[in-house]
Structure formats: C-alpha cells, structure tokens
Amino acid sequence: MDVVQLLERQFIDYMKSLYMEHYLDDQFTQLQKLADESNPDFVYEVVTLFFQDSEKLIDNLTKALNLQVIDFNQVANHAHQFKGSSSRCLTVLQDLQQEYIVLKKKFEILFQLEQDIVKNGGTIPTMD
C-alpha cells in the first residue's frame with residue numbers, strides 16, 4: 001500500500017469516526033458537494049470562517065458573563081447566534097468552550113490529512 005492509499009484510508013476512517021461521534025452530519029456532506037475545481041478549498045475556508053466567528057462569540061460571551069452587572073439581553077443575543085440556550089450561562093459556556101476546542105482539533109486533523117493526500121498526489125476521497 002503506497003503513501004496516498006494509506007492516507008486516503010486514514011482519511012476515510014477518520015471521517016467515519018467524526019460522523020459516528022456526531023461532529024459531522026449531512027450538512028457537512030452538503031458543504032463538501034459545493035466545493036469544485038475552481039474552489040477546492042471551499043470547505044476549509046467555510047470551516048475556518050466558522051471558527052473565527054466562534055472564537056469572537058465565545059470571547060464576547062465570556063466578557064459579558066464576567067461583568068459585575070450582566071446584561072442578559074446581550075448574553076442571549078450572543079448565545080442565540082450559536083442557537084443555544086442562555087440559561088445556566090456559565091456552565092453552558094464552559095461546556096461550549098470545551099466542545100469548541102475538541103471540534104477545532106478534529107477539523108485540524110481532518111484538514112491536515114487532506115493536505116497530506118494532495119501533497120502526495122492523491123485526491124480527497126468522498127463518503128458517498
């Protein structure tokens with residue numbers, strides 16, 4: 001088995017695990033289908049923008065919840081952007097931060113595998 005085949009197998013196995021752990025779903029599959037030869041980095045760019053926006057939202061939530069007088073309308077607005085609930089704010093925020101870290105690391109691994117496959121002359125396999 002050559003390097004590309006090994007990387008492709010590793011990529012597929014990792015993708016399967018991300019689906020099984022519910023880090024990826026049909027929306028991710030649909031996002032992948034939007035990438036084409038003219039924009040092969042489409043998924044990477046969208047996910048990168050998501051993480052940039054998420055970091056700002058988490059930072060804003062943290063700042064809003066650490067104020068002496070909490071503006072719960074502002075907290076609710078930030079939380080709504082994540083489509084989450086703003087009840088139990090501190091606990092939810094801590095859970096969100098931990099899940100964010102895990103999710104970001106999983107995508108970093110996924111995109112590193114993609115880069116390794118392309119660098120070695122392969123093409124990104126699909127889960128179809």
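Side chains are part of it too, since the values below use all heavy atoms of this structure and drop only hydrogens, waters and symmetry mates. Quick note: residue numbers are just sequence positions, from 1. Worth saying up front: this structure is predicted, and the values here are computed from it rather than measured.
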Separation of [Y] [atom2] from [X] [atom1] (nearest 0.5 Å):
{"X": "L31", "Y": "Q27", "atom1": "CG", "atom2": "CD", "answer": "9.0 Å"}
{"X": "T126", "Y": "I12", "atom1": "OG1", "atom2": "CD1", "answer": "6.5 Å"}
{"X": "L67", "Y": "L65", "atom1": "CG", "atom2": "CG", "answer": "8.5 Å"}
{"X": "S54", "Y": "D59", "atom1": "OG", "atom2": "CG", "answer": "12.0 Å"}
{"X": "F50", "Y": "L57", "atom1": "CZ", "atom2": "CG", "answer": "9.0 Å"}
{"X": "N120", "Y": "E8", "atom1": "CG", "atom2": "CD", "answer": "10.0 Å"}

Quick check against the 3.5 Å criterion: does Y100 have a side-chain atom that pairs as donor or acceptor with the backbone of I58? no
Quick check: do Q32 and M15 have side-chain heavy atoms less than 4.5 Å from each other?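 Yes; the side chains approach each other to less than 4.5 Å.
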Are Q74 and N60 side-chain neighbours, meaning at least one heavy-atom pair lies under 4.5 Å?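 No, every pair of side-chain atoms sits at 4.5 Å or beyond.
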Suppose we screen for side-chain contact (heavy atoms from CB on, under 4.5 Å). Which residues come up paired with E99, at least two apart in sequence or across chains? Y23
Are I124 and L34 grouped together when hydrophobic residues (ILVMFWY) are joined by side-chain heavy atoms under 4.5 angstrom apart?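 Yes, I124 and L34 fall within the same hydrophobic cluster.
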If you compare all heavy atoms of D25 against all heavy atoms of Y19, which two are closest, and at what distance to 0.1 Å? O-CE2, 3.4 Å
Heavy-atom pair with the smallest gap, counting every atom of P40 and A35: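 Closest pair (atom of P40, atom of A35, distance): O-CB, 4.4 Å.
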Should the heavy atoms of other residues, nucleotides or ligands under 6.0 Å from OH of Y44 be counted, would the total exceed 12?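 No, not enclosed.
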In terms of heavy-atom contacts, does CG of D36 have more than 12 from other residues, nucleotides or ligands at under 6.0 Å? yes
For D13, check side-chain hydrogen bond (donor to acceptor under 3.5 Å, both in side chains) against everything at least two apart and list the hits.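 For D13, the residues satisfying side-chain hydrogen bond (donor to acceptor under 3.5 Å, both in side chains) (neighbours in sequence not counted) are R9.
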For the pair Q97 and T62, evaluate side chain to side chain donor-acceptor pair (under 3.5 Å) and give the outcome as yes or no after the intermediate values. CA-CA 10 Å; Q97 287 172 323; T62 302; 3.2 Å; yes
Please tabulate, for the side chains in residues 105-119, all donor-acceptor contacts under 3.5 angstrom to protein atoms that are two or more places apart in sequence or on a different chain.
| from | atom 1 | to | atom 2 | distance (Å) |
| --- | --- | --- | --- | --- |
| K106 | NZ | E21 | OE1 | 3.2 |
| Q112 | NE2 | D116 | OD1 | 2.9 |

